[in-house]
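For the numbers below, each heavy atom of this structure counts, side chains included, while hydrogens, waters and symmetry mates do not.
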Amino acid sequence: MNRNIHLQYLLLLICLLISRPSNGQVTLNIDDYDVSTRKYENGNIFQKDAILFYAMLEETHPYYSQNSFKQAVRKSYNTLKNCKSNKEFKRILQSSISELNDSHTMIDYEYAVDSIFPIRLDFVHDSAYISAISTHYSELLGSGVTSINNLTISDLVSRSNIVLSNENIDRLYYLISQQMQFKEFWDYIESNSDSLVVELENKTKHVIVPEKRSDIRVVTTNTYDPNTTPRKALYYYDFRNDSTICYFQFNAFMDQLTEGNASLPRFDEFICQMFEKIQSSGTKLLVVDLQYNKGGNSILGDILLSYLKPLEDLCKYNVSFRYSSLLESTYPYYKNIRTSSGERLEYGEMYSLSDIANDESYIDGYIYNKDPDKIFKGNIVFIMGDTSYSSAGLLLTTAYDNNIGTIVGIPSTFSPNSFGDILFWRLPHTGVKGYVSYKSFIRPNMKAEPSNNLFPNIYVDNMNNVWEIILNNYEKL
């Protein structure tokens, strides 16, 4: 059943992308990098900033190599000689970033959000259909789409892959559906952005024009399962089926300590209270719903896991980071960090967190479960959706690799092996801004078949039916 909603509902999933915090943003300085001063001094503003950008990537990103740096500078320097705009410059830089297969490392496109295209596509394999649209075009809802602005769906995906950082095709589909409302997105994929000419499978064409965001109402094929409707809370739980089932909706890896905000709850206290009630209620099934969780601080996932399996028996991620001038400028305490053998950290070098003697980035004060009698003995289900990402992905992969519970949902939009923990940077001459990962996360089961997706144990065609599927499989879980 379709329902009318404000477009803010459609854009909820990209609010994080268009409003990332700018605190800690560092303006790059040529003196921090070992680059060719002659090329730098003779270049225009785009060439200068490109040299700085690639030098920063080489020193900061876990995957970016010296060879990649040299090739990128050589390739872009002549191209940027005739660059005329920041928009063109951003596209060239992003094309290099996209090769990293890292959604956390990206250019900040700074989309204008006042006037947008009131349409959203959802993708099923290689096809697309209209899943939400302005009431002015309500008759098009659910229609299959073959092209937009003369770009076939295949062409749209290929061009988007150049300008949108992603680690797998499912993540790319998700990002296209979230960003196609913005006029600038179509500029970046080199398509007319004044209007969208949408061709349907029935060969008819329809022109979609921008509308003022605050005035738009849409119809959508996407409705929530009433049993798993997102709550306006960081985390929420209730008991169902005479308390035999505990439903725990985990929406963000944030709390009082991670955010330094006393008005927020402490996750460890919340979880402790929840498991005390689970134990006293005789609960036999715990459902952890992560389908709306975009991530945050992964330490909260470790706290939850301490109630599902003894921490000493838990096989964890292998986490490494690359030390850099950008990391040190953002977090000055890294100057004091030493390896386990007492050595100072050196720019550009990779270090395993297990080899760090005094990790000052670690948030102290959390209470983990260390009592084996408090480990939950019942069945566990995790719900995974297309928004489950970042730290939510780390939690899901850790559970999967440790045989903790059953994952129900759709293939992940994250990669089990990934990059993350971002730093904010700004280029001095053009003012272009963005984000870069400095950590590498290798999944606990390093012998697992290489894959850019984590696949659920039980696949769900329609997430609106996820609760019904869990109940139908309850006896088997």
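Between the S98 side chain and the S95 main chain, no donor and acceptor come within less than 3.5 Å of each other. Checked by atom type and distance alone, the side chain of T244 never pairs as donor or acceptor with a backbone atom of T283 at under 3.5 Å. Between the side chain of R338 and the backbone N or O of K335 there is at least one donor-acceptor pair closer than 3.5 Å. Panel note: side chain E259, backbone L264; no donor-acceptor pair is recorded below 3.5 Å. A donor-acceptor pair under 3.5 Å is formed between the side chain of Y235 and the backbone N or O of M254. Of the possible donor and acceptor atoms, none in the side chain of E211 sits under 3.5 Å from a partner among the backbone N and O of P118. For the pair T339 (side chain) and E343 (backbone), a donor-acceptor distance under 3.5 Å is present. Between the side chain of Q178 and the backbone N or O of R120, no donor-acceptor pair lies under 3.5 Å. Side-chain atoms of N297 never come within 3.5 Å of backbone atoms of T258 as a donor-acceptor pair (strictly under, hydrogens ignored). The backbone N or O of N222 lies less than 3.5 Å from a partner atom in the side chain of T220, making a donor-acceptor pair.
Atom CZ of F185 is separated from atom OH of Y109 by 9.0 Å, given to the nearest 0.5 angstrom. Expressed to the nearest 0.5 Å, how far CG of L327 lies from CZ of F321 amounts to 7.0 Å. One distance of note links OH of Y292 with CG of L290; it measures 11.5 Å at 0.5 Å rounding. In this structure, L286 CG and M274 CE are separated by 5.5 Å, a value rounded to the nearest 0.5 Å. To the nearest 0.5 angstrom, D386 atom CG is 6.0 Å from Y174 atom OH. Of the inter-residue distances, the one linking H104 atom NE2 with I97 atom CD1 reads 13.5 Å to the nearest 0.5 angstrom.
For the pair R171 and Y389, the cation-pi test (distance below 6.0 Å, angle within 45°) is passed. For the pair R91 and Y188, the NZ or CZ position fails the cation-pi test of under 6.0 Å to the six-membered ring centre and within 45 degrees of the ring normal.
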Just list the side-chain donor-acceptor pairs under 3.5 Å for residues 298-313, sequence neighbours left out, or say none.
unit_1 : atom_1 : unit_2 : atom_2 : d
S306   : OG     : I303   : O      : 2.6
S306   : OG     : N369   : N      : 3.1
K309   : NZ     : N402   : O      : 3.4

What pairs of donor and acceptor atoms, side-chain ones from residues 459-471 against any protein atom, are under 3.5 angstrom apart with sequence neighbours left out?
unit_1 : atom_1 : unit_2 : atom_2 : d
N462   : OD1    : N464   : N      : 2.9
N464   : ND2    : T223   : O      : 2.9
N464   : ND2    : T223   : OG1    : 3.2

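Side-chain N/O atoms of Q249 and T228 include no donor and acceptor closer than 3.5 Å. Using modelled atom types, one finds a donor on one side chain and an acceptor on the other under 3.5 Å when comparing Q179 with Y111. E349 and Y351 share no side-chain donor-acceptor pair at under 3.5 Å. A side-chain donor from one of S263 and N261 sits under 3.5 Å from a side-chain acceptor of the other. No donor-acceptor contact under 3.5 angstrom links the side chains of N472 and Y474, judged on distance only. Side-chain contact check for N168 and Y173: no donor-acceptor pair (N or O, by modelled atom type) lies under 3.5 Å. Using modelled atom types, one finds no donor on one side chain facing an acceptor on the other under 3.5 Å when comparing N293 with Q291.
Closest of all the heavy-atom pairs between V113 and R213 is O-CD, 3.2 Å. Across G295 and S390, no two heavy atoms sit closer than the pair CA-CB, 4.0 Å. Taking every heavy atom of both residues into account, M180 and W186 meet most closely at O-NE1, 2.8 Å.
Using a 4.5 Å cut-off on side-chain heavy atoms (C-beta onward), K316 and P444 make no contact. Looking at heavy atoms from C-beta onward, D289 lies out of side-chain contact with F248 at the 4.5 angstrom threshold. Here the side chains of S134 and R217 are not in contact, with every heavy-atom distance at 4.5 Å or above. A heavy-atom distance below 4.5 Å is not found between the side chains of T413 and L175. Within the 4.5 Å cutoff, side-chain heavy atoms of H61 are placed close to those of T105.
Evaluation of the salt bridge (charged side-chain N to carboxylate O under 4.0 Å, His left out) test over residues 269-288, restricted to residues two or more places apart or in two chains, returns R266-E269. Note on residues 400-424: pairs passing salt bridge (charged side-chain N to carboxylate O under 4.0 Å, His left out), not counting sequence neighbours, are D401-R443, D421-K439.
A side-chain hydrogen bond (donor to acceptor under 3.5 Å, both in side chains) with E328 holds for exactly one of Y334, Y333, Y347; it is Y347. With D102 as the fixed residue, the side-chain hydrogen bond (donor to acceptor under 3.5 Å, both in side chains) test singles out one of S437, S415, S165: S437. W425 pairs in a side-chain contact (heavy atoms from CB on, under 4.5 Å) with only one of the listed residues (V26, V436, T60), which is V436.
Evaluation of the side chain to side chain donor-acceptor pair (under 3.5 Å) rule for N452 yields no partner, not counting sequence neighbours. Partners of S418 under the side chain to side chain donor-acceptor pair (under 3.5 Å) rule, at least two apart in sequence or in another chain, do not exist in this structure.
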Verdict with supporting geometry, R322 and E346, salt bridge (charged side-chain N to carboxylate O under 4.0 Å, His left out): CA-CA 9 Å; R322 175 160 277 163; E346 296 184 13; over 6 Å; no
Verdict with supporting geometry, N101 and F419, side chain to side chain contact (heavy atoms under 4.5 Å, CB included): CA-CA 9 Å; N101 296 324; F419 305 107; 5.9 Å; no
Verdict with supporting geometry, Y237 and F270, ring-ring contact (aromatic ring centres under 6.0 Å, His included): CA-CA 10 Å; Y237 69 90; F270 177 92; 5.5 Å; yes
